[in-house]
Each structure stands twice: as C-alpha cells, then as structure tokens.
S.K.: 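Just dropping this structure here.
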Amino acid sequence: MFRFYDADQIDDFFVVAGVLRLSTKYNVGYLRDRSITVLSTLFPPTLSQFEASLLNKSRIQPFTGRNFAAVNLARECAVPTILAVALFRCCTGTNVVEILDGAFGKDSVCHHALDWQDKRLCLIARAVLETRARKYTMGFLMDPNATGKNPFGSSCTTRGACDSVRL
C-alpha cells in the first residue's frame, strides 16, 4: 500500500485536522497516528514536552481560533492527549469575550467556538490560574512569609521593616 501523506511537511493545522477526522472515520490507523504525532508537537501530552515546546517555535503557530478548534477536534476524534494543553491555551491565551463568543480564524471566515462545558471549564480554570499567579508572583507584597520563606532576607523581621522593604 502506498503512503503519500507526509505529516512532517504539512504546515496547516486544518489539513492535519481533516486527515485526523477522515482517518478516524474510516479507521486508517497509520494516518491517524501520524496526525496525532503532528498535533502532539503543537499540543504536547506531557509537562516536560510542553515546557520544551515553549523554547522551540513550531512551524504551525497556535492562535485563539485554532486552540478552540483543537479542543473540539480532541473531543470529536477521541485524542485526549492534546486536550490539556489546548484547553490551557484557551484559558490563558484568550479573553473572556472570546471564550464566550468564540473566535474567527486567521482567514476571518471560519468561526471557532467551544461547547458550553468547555467554556465553563475555561472560565473556572482562568480564574484559578489568575489567582494562583497573583498569589505566587505578588504574594510577598501582602505577606512576606506567604510563600514559606522570606524573600526579603534578614532585614524583614517586623511588620514595619517589611513594609519599608516592600516600598
């Protein structure tokens, strides 16, 4: 059997998504596996791969509409390995209006939106992530011992001393 699909040469998310949909529908395993491999470079399945992906620029760049489409694709084609990063990007890379109303693709023609369960997940996660980010990056401004150790060193031993160091 000839295999003409070279996923490594494809630079359009929606082409890969189309191949994944067709290969899932018609049970063509090698095409499905190749498509999932490409999608896993965009939406890595492990934390270490995600951290490494932040350093390496993919030739297929994520944007809001594509992130929404990736969440829907993961649910539609049963590819849970890309779901966590796709949802994370939806939560952190978009504003609340885009989460609720959806977003257009770069071509301004295709509109991508999450279903209501995923919108709910994103809005809840977004609030949690924002709270944690404030707590861990700015928590020392409220309480120098909030993170378990004093970031100001030995000069911050009383409330007055800590206030002057914070200022």
Side-chain angles (χ1 to χ4, degrees), residues 3 5-25 28-108 110-141 146-149 151:
R3 297 180 180 187
Y5 174 60
D6 187 4
D8 296 331
Q9 300 301 315
I10 304 296
D11 62 357
D12 186 341
F13 168 84
F14 295 103
V15 170
V16 176
V19 172
L20 178 62
R21 283 187 178 97
L22 288 170
S23 63
T24 299
K25 180 176 181 175
V28 183
Y30 76 93
L31 290 178
R32 180 176 159 80
D33 292 343
R34 283 185 177 182
S35 300
I36 291 171
T37 299
V38 171
L39 292 172
S40 293
T41 62
L42 296 172
F43 305 98
T46 67
L47 181 59
S48 60
Q49 290 172 333
F50 176 69
E51 289 172 340
S53 76
L54 296 176
L55 302 174
N56 300 326
K57 294 290 180 188
S58 169
R59 48 179 210 285
I60 304 175
Q61 295 298 311
F63 64 91
T64 302
R66 189 175 295 141
N67 294 331
F68 291 165
V71 169
N72 295 332
L73 180 68
R75 298 225 187 265
E76 176 186 344
C77 295
V79 186
T81 54
I82 68 169
L83 196 54
V85 171
L87 280 168
F88 175 76
R89 287 191 177 144
C90 290
C91 297
T92 60
T94 60
N95 60 49
V96 174
V97 173
E98 287 176 321
I99 292 171
L100 291 174
D101 294 343
F104 282 95
K106 289 199 174 203
D107 59 5
S108 298
C110 296
H111 184 262
H112 306 283
L114 299 172
D115 67 19
W116 280 105
Q117 291 91 348
D118 288 329
K119 288 178 185 183
R120 183 176 187 277
L121 281 173
C122 280
L123 292 174
I124 291 169
R126 182 180 170 88
V128 170
L129 290 168
E130 286 175 351
T131 300
R132 288 191 179 171
R134 278 194 307 272
K135 178 181 176 184
Y136 290 109
T137 59
M138 304 302 279
F140 70 90
L141 292 173
T147 59
K149 63 182 194 176

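Every heavy atom of this structure was used, including side-chain atoms; hydrogens, water molecules and symmetry mates were not. The first residue of the sequence shown is numbered 1, and numbering continues consecutively from there. The structure displayed is predicted, hence computed values, not measured ones.
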S.K.: Could you tell me how the ring of Phe14 sits relative to the ring of His112: parallel (under 30°), tilted (30 to 60°) or perpendicular (over 60°)?
M.R.: parallel
S.K.: For Ala113, give me all partners under side-chain contact (heavy atoms from CB on, under 4.5 Å), at least two apart in sequence or on another chain.
M.R.: His111
S.K.: Going by side chain to side chain donor-acceptor pair (under 3.5 Å), name the residues that satisfy it together with Thr24, two or more places apart in sequence or in a different chain.
M.R.: Arg32
S.K.: Which distance, rounded to the nearest 0.5 Å, do you find between the SG of Cys122 and the CZ of Phe68?
M.R.: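 Going from the SG atom of Cys122 to the CZ atom of Phe68 covers 7.0 Å.
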S.K.: Only counting residues at least two apart or in another chain, list the ones meeting side chain to side chain donor-acceptor pair (under 3.5 Å) with Arg21.
M.R.: Glu76
S.K.: Keeping to residues at least two apart or across chains, list the side chain to side chain donor-acceptor pair (under 3.5 Å) pairs with something in residues 114-129.
M.R.: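 The answer is Arg75-Asp118.
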S.K.: What are the two closest non-hydrogen atoms of Ala125 and Cys91, and how far apart are they?
M.R.: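 Heavy atoms only, the tightest pair is CB-SG, 3.8 Å.
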S.K.: Check the pair Val38, Leu20 against side chain to side chain contact (heavy atoms under 4.5 Å, CB included), reporting the backbone distance first and the verdict last.
M.R.: CA-CA 10 Å; Val38 171; Leu20 178 62; over 6 Å; no
S.K.: How long is the span from the CG atom in Leu87 to the OG1 atom in Thr92, to the nearest 0.5 Å?
M.R.: 10.5 Å
S.K.: Under the criterion side chain to side chain contact (heavy atoms under 4.5 Å, CB included), I'd like the reasoning laid out for Val16 against Leu39: C-alpha separation, chi angles, the key distance, then a yes or no.
M.R.: CA-CA 8 Å; Val16 176; Leu39 292 172; 3.9 Å; yes
S.K.: Apply the side-chain contact (heavy atoms from CB on, under 4.5 Å) test between Phe43 and each candidate in Thr81, Leu83, Leu73, Asn67; give the one that qualifies.
M.R.: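 Testing Phe43 for a side-chain contact (heavy atoms from CB on, under 4.5 Å) against Thr81, Leu83, Leu73, Asn67 leaves exactly one candidate, Asn67.
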S.K.: Could I get the full list of side chain to side chain donor-acceptor pair (under 3.5 Å) partners for Gln49, not counting sequence neighbours?
M.R.: Thr46
S.K.: Show the nearest heavy-atom pair for residues Phe50 and Pro44, with the distance to one decimal.
M.R.: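 Answer, listing the atom of Phe50 first, then Pro44: N-CB, 3.6 Å.
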S.K.: Suppose the criterion is side chain to side chain donor-acceptor pair (under 3.5 Å): which pairs have a residue in residues 96-105, not counting sequence neighbours?
M.R.: none
S.K.: Which pair of heavy atoms, one from Leu114 and one from Asn72, lies closest together, and at what distance?
M.R.: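 Distance-wise, the nearest heavy atoms are CA-OD1, 4.2 Å.
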S.K.: Could you pull out the closest heavy-atom pair between Gly65 and Ala103, with the gap in Å?
M.R.: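 Heavy atoms of Gly65 and Ala103 come nearest at N-CB, 4.1 Å.
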S.K.: How about Leu123 and Ile99: do any of their side-chain heavy atoms sit closer than 4.5 Å?
M.R.: yes
